[in-house]
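Within every chain, numbering begins at 1; the chains are lettered A, B, ... in the order of the sequence lines, protein sequences first and strands thereafter.
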Amino acid sequence: MSEKRVVKYNPQEIEPKWQERWAQDRLYEVHEDAPHPKWYELTMFPYTSGDLHIGHWYAMAPSDVHARFMRMKGYNVLHPMGFDAFGLPAENAAISRGIHPFTWTMGNIERMRGQLKSLGAIYDWNREVETCLPDYYKWTQWFFLKLYEAGLAYRAKAPVNWCPKCQTVLANEQVVGEGLCERCETPVTRKDLEQWFFRITKYAEELLDFSHIEWPERIKTMQKNWIGKSEGVEIAFGLEGEEEIRVFTTRPDTIYGVTFIVLAPEHPLVERLTTAEHREEVARYIEWARRQSEIERLSTEREKSGVFIGSYAINKLTGERVPIWIADYVLMSYGTGAVMAVPAHDQRDFEFAKRFVLPIKVVIAPPDWSGEDLAEAYIKPGTMVNSAQFDGLPSEQGMDAITDFIEAMGYGERKKTYRLRDWLISRQRYWGAPIPMVYCDRCGLVPVPEKDLPVLLPEDAEFRPTGESPLKYCESFVNATCPKCDAMARRETDTMDTFMCSSWYFMRYASPGYKEAPFDVEKLKYWLPVDQYTGGAEHATMHLLYTRFFIKALRDMGIVDFDEPFIRLFNQGVIVIERQKMSKSRGRVITPDAYVAEMGADAVRAYLMFIGPWDQGGEWDDRGIKGIARWLNRVWSLVLDSYDAEFLKAIAKPSKEAVTKTLRHITHRTIKKVTEDMERFRFNTMIAALMEFTNYLGKVGEGKSVEPPAWQEAIDTLLLLLAPTAPHLAEELWTRTGHPYSIHNQAFPKWDKGLAAEEEFTLVIQVNGRLRDRVRVPISITEEEAKELALGRERTKAYLKDGEIARIIYVPRRLVNIVVK
RNA sequence: GCCGAGGUGGCGGAAUCGGCAGACGCGAGGGACUUAAAAUCCCUUCCCCGAAGCGGGGGUGCGGGUUCGAGCCCCGCCCUCGGCACCA
């Protein structure tokens, strides 16, 4: 090709240049008055840990590419960025290094913002949101007050998860694996504490409705399982006197098989029902159970434990007296904290009965059962026996029949139970939004009036390694006056879970500087809800669930008018190193910076998308990035050469190898492929298609002849298709080839159906399912023609001579298969 | 234990309305250019047989099955990853 080209592709030079130019021209500022439909594409904002690693870019680059694609498709795209800036690591840094959490956090943000800018995304930085600034957390507190007014925030004493290392409580959702702290993996212990909760359980049923959102099945299933709905019956068992024990069961059909009752050790009736001679043993057991660590308690291999408390309950259906036990396999926090034990038909009850030699009464006969003892609980359906008037019924029918009977007799009623617990939002830490409440000796619990918000974090708090909340000992903070009576009062010293901050940040982006309210209602109406959300699946039962609850609560208060925050969700996979997650503490972190400095952001962006399907994640192996760099260099040379006068003269010369028609076909086929892949987030095959296109154009450029307009269409198309992925390179080449700035304001190419359509295909000829020949044929070939052609081929004939043709299978546009016997 | 996703060359991965397995890229081998190296370009690269072929055979975790035809569907296993885990 041309000898004249001297300019080399130099991303180090062109990337900063265009980033500055775009910023200067406010290319990516978005406004509500644009004449296009809006598109809100959001990626989960990063926690301000210090450095962005390649995993962050893996989340952000493809999301930016898709947002840019939508922008070129004509949408008014909001694709903002901000920082999740409250949280424990800032405080730990303060303790260990004497830096104030604010200083630490803002320093990190500074560094991360720089890294993010080098990515070359279309973030409108005027809309940046930082959750730790008073302008923001003022509204976090405001939302708390709204939830409080609505009766959705309450304070209660409860056994809660306590992380001894973080010195704070954790929400259920933040306890992972075998009872470990989500952040530091320390085993969690139980503590009885007064804490603030949000009543997410009120929305359990609605949270199970995913009909208005397009989310991955996997995430919906995780939320479903987390909410854990089960339908059953709550049934009263009689006690001496007026009292009753209520149990929850999903198997009312087994009620004739109840041989004992088990209460959770913390059950309120235990105290009253324990008889004098069992008191000591019961107390000992409760104490023992309380001391069990979460890990011990959760172990399924552990032998059942429990004690008899001396009292009996009456099965109202049979009139039988059954003993009442306590055991820690029954949880106070689920159902009623009491179960009717049916050892014959529940494995846990079975093990318990075996261990303590309690009767096992079969009421659902297994198939072919003739009265012998069971080796394990029979939990499947069967025929009802030993069940009075219900004998002989299939147990599935018995379920309803018995429930109807129980309801008719007033012994109990149908009930739904959920595994989901209320969201524990108190944290005994400094670096979070203070809960805006005051304790007054005279007035009790008093919310801080809206006009007094924000309740500011004191700057003079001391960070000591004792582990206790610095706020607790900060007098300037704790001492307050009661908003109601002006008397001396104490401020609440708990701060809010940071998931509270992230439950509304996506709404703040709509009007980030707004002073009168958390958002400007008109702008919110324009932008929300988020059309496309992307982020990690690890938030399935945390951020993603909390936020759905939050929006539903706000909707019911009339603050927002939509039901779901995020219409479409896509979860990218995890980038790993040596099959393990990146982790700062283990020194397994790759930052993008060195790669950006060496190969350019465009190459890193493209490589991250090329590794594999976005939702599958993958191994970071920097050897592969070379292939991308080579490709971008080839694009550079190809495009610049293409606009060289001599080159144009050369391709315009007629030759035997004229390819204009094929070139246009391939150009339009590529547009189709790239567009469809982009829409489906299949970035790896999109890049492969662009590479193939580049390779093809390179071949055409070597001595073949083509009409210049077709050639320029192809080259321009390549640049436009590449623009979302490699925005700097595309812009540079677009400008250098004399096109008007900016390529990012151009429309994404549209394919011509006729040109993209195939005219021929490779007909595969098989004999007995084995490939024997292939031949290019026109798409219009008929079945008869194809069969005839197949039979006539030299290569097939050899395989036909020894047998008789039994049938011929023809698959249009694919193959002919000759079956020979 | 239960639920979900997955297992394809030396590596990352393509191909799923059941129809050419291995696109694209990395790595490797060979060649061109160069005093040399880097860069770049060209060729080869699933395995076995064959001097070679646009020749034969085998091949998508394992074992069976359905089908003219199976990476894809069915049955039974094994392994990896993620989630849940005494939830009555």
Side-chain angles (χ1 to χ4, degrees), chain A residues 8 176-178 216-226 228-230 232 247-251 254 262 264 297-302 304 327-331 333-342 345-349 351-352 417-420 537-538 540-541 571 573-574 576 579 607 610-613 615-628 630-631 633-634 637 682 684-692 694-695 698 702 761-775 795 798 806-821:
Chain A
K8 278 194 67 183
V176 297
E178 308 265 282
E217 276 315 309
R218 188 164 58 115
I219 302 295
K220 291 194 280 187
T221 306
M222 279 164 76
Q223 291 202 346
K224 257 181 227 163
N225 293 341
W226 188 260
K229 177 180 178 171
S230 62
V247 301
F248 175 76
T249 181
T250 54
R251 291 297 303 276
T254 64
V262 189
R297 211 181 57 75
L298 288 174
S299 167
T300 39
E301 274 108 77
R302 197 169 67 134
K304 292 276 175 295
D328 68 353
Y329 79 90
V330 175
L331 309 174
S333 50
Y334 185 80
T336 60
V339 304
M340 57 177 223
V342 185
H345 308 295
D346 180 287
Q347 190 56 28
R348 297 153 301 184
D349 299 342
E351 285 163 22
F352 195 84
T417 302
Y418 303 88
R419 209 194 70 121
L420 182 71
E538 68 274 17
T541 58
N571 294 111
V574 182
V576 294
R579 306 181 80 202
Y607 178 56
F610 188 61
I611 288 176
D615 56 352
Q616 277 173 35
E619 176 82 26
W620 173 259
D621 177 357
D622 60 9
R623 276 175 303 200
I625 197 169
K626 269 171 113 176
I628 295 286
R630 283 178 194 153
W631 169 52
N633 267 299
R634 280 205 307 279
S637 312
R682 296 172 63 154
N684 56 328
T685 50
M686 175 200 75
I687 304 254
L690 286 174
M691 285 175 168
E692 272 180 274
T694 310
N695 294 345
E702 285 168 10
F761 69 96
T762 304
L763 180 73
V764 166
I765 298 163
Q766 298 180 333
V767 178
N768 288 339
R770 309 187 74 96
L771 175 77
R772 292 307 177 192
D773 202 2
R774 28 184 169 218
V775 52
R795 301 244 308 104
R807 54 192 280 216
I808 303 176
I809 285 142
Y810 173 67
V811 183
R813 298 202 53 182
R814 295 220 188 267
L815 56 74
V816 173
N817 184 14
I818 305 162
V819 185
V820 178
K821 270 188 196 155

Grab the [atom1]-[atom2] distance between [X] and [N] for me, whole Å please.
X	N	atom1	atom2	result
A:I628	B:rG25	CD1	P	9 Å
A:Q616	B:rU80	CD	P	18 Å
A:K304	B:rC86	NZ	P	9 Å
A:E217	B:rG82	CD	C1'	16 Å

Which value, in whole Å, describes the distance between the [atom1] atoms of nucleotides [N] and [M]?
N	M	atom1	value
B:rU40	B:rA5	C1'	42 Å
B:rC26	B:rG63	P	35 Å
B:rU34	B:rA39	C1'	11 Å
B:rG31	B:rG50	C1'	26 Å
B:rA21	B:rG13	C1'	13 Å
B:rU66	B:rG12	P	34 Å
B:rC46	B:rU60	C1'	11 Å
B:rG6	B:rC72	P	13 Å

Checking contacts here: which listed nucleotide ([options]) is nearest the side-chain heavy atoms of [X]?
X	options	result
A:V811	B:rG25, B:rG19, B:rC86	B:rG19
A:E692	B:rA23, B:rG19, B:rA85	B:rA23
A:F610	B:rA39, B:rC3, B:rC24	B:rC24
A:R630	B:rA88, B:rG25, B:rU40	B:rU40
A:R770	B:rA88, B:rG19, B:rG58	B:rG58
A:D328	B:rA88, B:rG25, B:rC86	B:rC86

Inset, instruction - Locate the shortest heavy-atom distance separating A:V247 from A:T336; write the atom from each residue and the value. - result: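 So the two residues come closest at CA-OG1, 3.4 Å.
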Inset, instruction - Write down the atom of A:Y329, the atom of A:K304, and the distance for their closest heavy-atom approach. - result: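 Reported closest heavy-atom pair: CD2-CD, 3.5 Å.
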When you measure from the side-chain N and O atoms of [X] to the phosphate of [N], is any distance below 4.0 Å, counting only OP1 and OP2?
X	N	value
A:R682	B:rA23	no
A:R623	B:rG12	no
A:N684	B:rG12	no
A:R813	B:rC20	no
A:N695	B:rG25	yes
A:T685	B:rA23	no
A:K224	B:rC3	no

Inset, instruction - Go through the side-chain N and O atoms of A:R634 and A:N695 and say whether any donor and acceptor fall under 3.5 Å apart. - result: yes
Over all strands shown, is [X] touching base, sugar-phosphate only, or nothing at heavy-atom distances under 4.0 angstrom?
X	answer
A:R419	base
A:I611	sugar-phosphate
A:S230	sugar-phosphate
A:V342	nothing

Inset, instruction - Give the dot-bracket string for RNA chain B, reading 5' to 3', where a pair is Watson-Crick or G-U wobble with both distances under 3.5 Å, ( ) marks pairs inside the strand, [ ] marks pairs crossing earlier ones, | marks a partner on another strand, and . marks unpaired. - result: (((((((..(((......[....)))((((((.......))))))((((.....))))..(((((..]....))))))))))))....
Hey, are the side chains of [X] and [Y] touching, using non-hydrogen atoms and a 4.5 Å cut-off?
X	Y	value
A:I809	A:V816	no
A:N571	A:R218	yes
A:T249	A:V342	no

Legend entry - Set of residues satisfying side-chain hydrogen bond (donor to acceptor under 3.5 Å, both in side chains) with respect to A:K220, sequence neighbours excluded: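 Result, side-chain hydrogen bond (donor to acceptor under 3.5 Å, both in side chains) vs A:K220: A:E217.
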Legend entry - Residue closer to the 5' end of RNA chain B, A:G612 versus A:F248 (nearest nucleotide): A:G612
Inset, instruction - Identify, between A:K229 and A:R814, the residue whose nearest nucleotide on RNA chain B lies closer to the 5' end. - result: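 Its nearest nucleotide being more 5', the pick is A:R814.
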Inset, instruction - Please check if the side chain of A:R772 supplies one atom and the backbone of A:I765 the other of a donor-acceptor pair under 3.5 Å. - result: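 Side chain of A:R772 to backbone of A:I765, a donor-acceptor pair under 3.5 Å: no, none is there.
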Nucleotide N/O to protein N/O under 3.5 Å, stretch nucleotides 43-50 of chain B:
none

Legend entry - Per-nucleotide protein contact string for nucleotides 63-72 of chain B (B base, S sugar-phosphate only, - none; heavy atom under 4.0 Å): -----B----
Inset, instruction - Between protein and nucleotides 51-56 of chain B, map the contacts as a letter string: B base, S sugar-phosphate only, - none, heavy atoms under 4.0 Å, written 5' to 3'. - result: ----SS
Inset, instruction - Mind telling me if B:rG9 is syn or anti? Syn here is a glycosidic angle within 90° of 0. - result: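 Syn for B:rG9; the angle stays within 90° of 0.
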Legend entry - ring-ring contact (aromatic ring centres under 6.0 Å, His included) involving A:Y607 - partner list, sequence neighbours excluded: A:W620
Legend entry - Gap separating the CZ atom of A:F610 from the CE atom of A:M691, nearest 0.5 angstrom: 4.0 Å
Legend entry - OH-CG distance between A:Y810 and A:L815, expressed to the nearest 0.5 angstrom: 9.5 Å
